[in-house]
Amino acid sequence: MTEERLMDKIIDVCLRRGFISQTAEIYGGAGGFYEYGPLGTLMRQKIIDLWRQSFVLDEDRVFEIKGSVLMPESVFQASGHLDSFDDPLVQCEKCKSMFKADELIKKITGKTAEGLPLDDLDELIKENQIACPNCQGGLSKARQFNLMFKTEIGSTGGINGYLRPETAQNIFINFKRLAAFMRNKLPFGIAQTGPSFRNEISPRNFIIRVREFEQMEIEMFYDPEKENEHPRFDEVADLEINIVTREMQEKGWEKPMQVSAGVAVAEGVIPNQYLAYYLAMEAEMMRALGIPDTEFWFRHMQDHEAPHYSIGNFDLEANLSIGHMEIVGNALRTDYDLMKHAKASKSSFEIVVDNKKIVPHVAEPSLGVDRILYTVLEKCFREDERGWTWFQFPTIVAPLEVAVYPLMKKDGLAELAYEIHSELKDAGYLSFYDESGKIGKRYARADEIGIPYCITIDYETKDKYTVTMRDRDSMKQIRIPTEDLEVVLGELMEGESEFDEFSEINKE
RNA sequence: GCGCUAAUAGUCUAGUGGUAUGACUUCGGCUUUCCAAGCCGACAACCCGGGUUCAAUUCCCGGUUGGCGCACCA
């Protein structure tokens with residue numbers, strides 16, 4: 001196939017129409033960093049708003065915080081993030097185990113190798129014929145893994161600081177105050193959105209694998225004894241989700257298992273209600289964003305794939321043109337983080353439940369804004385045989401919601417159209433006004449960036465106080481009284497009425 | 001991070017040891033009473049640094065960024 005890749009087509013539109021571009025482009029760029037333009041920013045905000053509404057504001061015992069992006073070394077020392085990745089590592093070519101090069105050399109030879117350059121470490125490994133301690137396999141060359149961005153805090157560089165590799169840590173280290181705010185009663189959740197940073201070895205695939213990314217996370221704290229007493233689980237129990245179990249992965253499989261959240265917990269497919277609740281919520285959110293059920297599943301990660309803090313991840317994987325890609329991670333972090341921070345900070349993170357002191361367990365849905373946004377772009381992308389493209393965005397994620405056009409500039413139509421546009425903006429719609437060129441071209445421009453509705457003002461608007469409204473997906477047009485415009489638009493956007501319910505006007 | 005490969009207007013491209021082709025887009029004008037029409041005009045580019053050369057966008061070296069493969073991916 002010499003056909004242009006879907007991702008390239010999407011990148012093309014993103015560049016031309018103000019969605020996304022590379023950071024520091026005029027200076028040659030910086031790998032793994034992207035800038036969101038006017039339309040990209042509007043979409044991002046809508047995705048975050050949608051999440052905030054259903055995952056935070058609709059809940060009684062979930063609150064959002066905003067933590068610091070840069071934190072002192074001690075935080076990541078305790079969390080375990082620093083341990084494995086601030087040192088030169090070697091990897092076994094055979095069993096793929098990773099080892100700290102300097103520690104391995106010291107263990108075998110007794111010589112201190114700390115702080116040596118990579119070449120010297122390689123030399124020592126070769127000289128002493130050091131092999132993999134597990135399987136005796138050959139070792140790779142030493143490599144520096146700085147997966148966290150390091151800096152110094154204070155003008156004289158008093159202590160080391162790191163950009164956070166996940167937003168979650170702010171929540172764990174503030175646990176005492178947050179628990180007090182929640183009056184030391186379980187369950188409760190703390191949410192956070194914001195940027196996280198990972199100095200990826202090899203950024204790839206546009207905004208999929210990047211070094212700065214936006215997360216939407218919740219740490220849901222619950223009593224492990226009551227892991228199947230989620231207060232609102234019955235509201236999602238009947239929702240269907242697609243799951244790929246570990247067993248299916250071992251035996252081979254063709255289609256994911258479709259099962260309701262309730263049945264999945266009852267049959268032990270998903271470990272508990274707290275995790276299952278979020279899988280169901282995420283599936284609902286994906287559907288709302290225009291990503292069909294058939295295009296994603298939740299995969300139970302194999303043991304060796306799960307992060308160091310999780311006893312089992314269910315990742316939401318989307319069926320993208322570049323293969324299945326994790327766009328949401330759902331982890332069971334148990335009491336791992338609270339225990340680590342309690343020990344390191346000499347604090348106590350216990351909560352009294354039924355006269356017993358317990359350390360809460362944590363279920364964590366971690367959604368990547370950038371990856372979700374890219375998935376929306378791919379799944380809403382449409383192209384016809386002429387090569388014209390458009391985005392079939394649901395209104396809830398469309399960067400602009402309505403475009404207002406005068407059929408022509410003259411005879412006062414432009415002024416009238418601008419007035420209607422202003423009123424729509426005042427009413428809270430994301431409206432866009434354009435009077436240049438021919439009407440057909442303006443429709444095409446609107447389609448390309450996925451504006452769901454276009455309003456055209458013509459002579460009948462002046463004479464009979466009606467406007468035409470054009471539906472992006474069907475290209476059908478209806479004529480409605482100007483005074484009904486805001487209401488009709490609202491009903492269409494909320495899905496309370498269908499475009500077909502209104503009388504269609506015939507095209508020439 | 002390794003290997004291969006590429007880099008020319010906003011986008012896609014042609015081409016060259018003597019400053020660069022075309023299309024689309026954008027903007028202005030004419031035309032135009034509902035789906036990228038037409039006509040006129042305008043704006044706008046050789047990734048960065050060094051070397052060779054009288055002269056480098058072109059050749060060489062290094063870097064950056066992208067793509068593919070491997071590896072990695074909390």
[options]: which one has an atom nearest the side-chain heavy atoms of [X]?
X      : options                : result
A:R198 : B:rC68, B:rU25, B:rA74 : B:rA74
A:R209 : B:rA74, B:rU32, B:rC72 : B:rC72
A:T468 : B:rA74, B:rU32, B:rC34 : B:rC34
A:S202 : B:rA36, B:rA71, B:rA74 : B:rA71
A:Q477 : B:rC34, B:rG1, B:rA74  : B:rC34
A:E166 : B:rU11, B:rG1, B:rA74  : B:rA74
A:Y443 : B:rU26, B:rC35, B:rU33 : B:rC35
A:M148 : B:rA74, B:rG1, B:rU25  : B:rA74
A:K438 : B:rA74, B:rU32, B:rU65 : B:rU32
A:S436 : B:rU33, B:rC72, B:rC27 : B:rC27

To the nearest 0.5 Å, what is the distance between CD1 on A:I270 and NE2 on A:H300?
9.5 Å
How many angstroms lie between CD1 in A:I173 and CZ in A:F349, if you round to the nearest 0.5 Å?
9.0 Å
Could you please name the partner base of [N], counting Watson-Crick and G-U wobble pairs only when both distances are under 3.5 Å?
N      : answer
B:rC43 : none
B:rA36 : none
B:rU21 : none
B:rA6  : B:rU65
B:rA56 : none
B:rA74 : none

Whether over 12 other heavy atoms sit under 6.0 Å from A:Y418 OH
no
Residue A:Y465 excluded, over 12 heavy atoms near OH under 6.0 Å:
no
Base, sugar-phosphate, or nothing: which does [X] touch, judged by heavy atoms less than 4.0 Å apart?
X      : answer
A:G18  : nothing
A:N205 : sugar-phosphate
A:Q22  : sugar-phosphate
A:R204 : base
A:F206 : sugar-phosphate
A:Y459 : base

Distance between the [atom1] atoms of [N] and [M], in whole angstroms?
N      : M      : atom1 : value
B:rG1  : B:rG51 : C1'   : 28 Å
B:rC47 : B:rC43 : P     : 22 Å
B:rA9  : B:rG67 : C1'   : 22 Å
B:rC68 : B:rG17 : C1'   : 32 Å
B:rU57 : B:rG18 : P     : 11 Å
B:rU26 : B:rU19 : C1'   : 25 Å
B:rC60 : B:rU52 : P     : 16 Å
B:rC46 : B:rC30 : P     : 34 Å

What integer distance in Å separates [X]:[atom1] from [N]:[atom2]?
X      : N      : atom1 : atom2 : answer
A:N313 : B:rC73 : CG    : C1'   : 13 Å
A:Y27  : B:rG63 : OH    : C1'   : 17 Å
A:E448 : B:rC12 : CD    : C1'   : 14 Å
A:I322 : B:rC73 : CD1   : P     : 18 Å
A:F213 : B:rA74 : CZ    : P     : 10 Å
A:R5   : B:rA6  : CZ    : C1'   : 14 Å
A:E305 : B:rA71 : CD    : C1'   : 16 Å
A:D447 : B:rU25 : CG    : C1'   : 17 Å

Pairwise 5' ranking along RNA chain B for A:A306 and A:K410, keeping only the more 5' one:
A:K410
5'-most contact on RNA chain B: A:K409 or A:E326, nearest heavy atom basis?
A:K409
Is B:rU19 syn or is it anti, if syn means the base angle is within 90 degrees of 0?
syn
The single option from A:L407, A:T482, A:I420 that satisfies side chain to side chain contact (heavy atoms under 4.5 Å, CB included) with A:I457 is A:I420
Would you state whether a donor and an acceptor, one from the side chain of A:D458 and one from the base of B:rC34, lie under 3.5 Å apart?
yes
Does the B:rC35 base have a donor-acceptor partner in the side chain of A:R470 within less than 3.5 Å?
yes
Ring-plane angle category for A:Y222 and A:Y274, please: parallel below 30°, perpendicular beyond 60°, tilted otherwise.
parallel
How about A:S431 and A:H421: does a side-chain donor come under 3.5 Å of a side-chain acceptor?
yes
Below 4.0 Å: OP1/OP2 of B:rU25 and any side-chain N or O of A:K441:
yes
Are the side chain of A:D12 and the backbone N or O of A:L15 linked by a donor-acceptor pair below 3.5 Å?
no
Does the ring of A:H308 lie flat against the base of B:rA74, closer than 5.5 Å centre to centre with planes under 30°?
no
Could you go through residues 447-455 of chain A and list every donor-acceptor pair under 3.5 Å that involves a side-chain atom there, pairing it with any protein atom two or more places apart or in another chain?
| residue | atom | partner | partner atom | Å |
| --- | --- | --- | --- | --- |
| A:D447 | OD1 | A:R470 | NH1 | 3.1 |
| A:D447 | OD2 | A:R470 | NH2 | 2.8 |
| A:E448 | OE1 | A:R17 | NH1 | 2.8 |
| A:E448 | OE2 | A:R16 | NH1 | 3.1 |
| A:E448 | OE2 | A:R16 | NH2 | 2.9 |

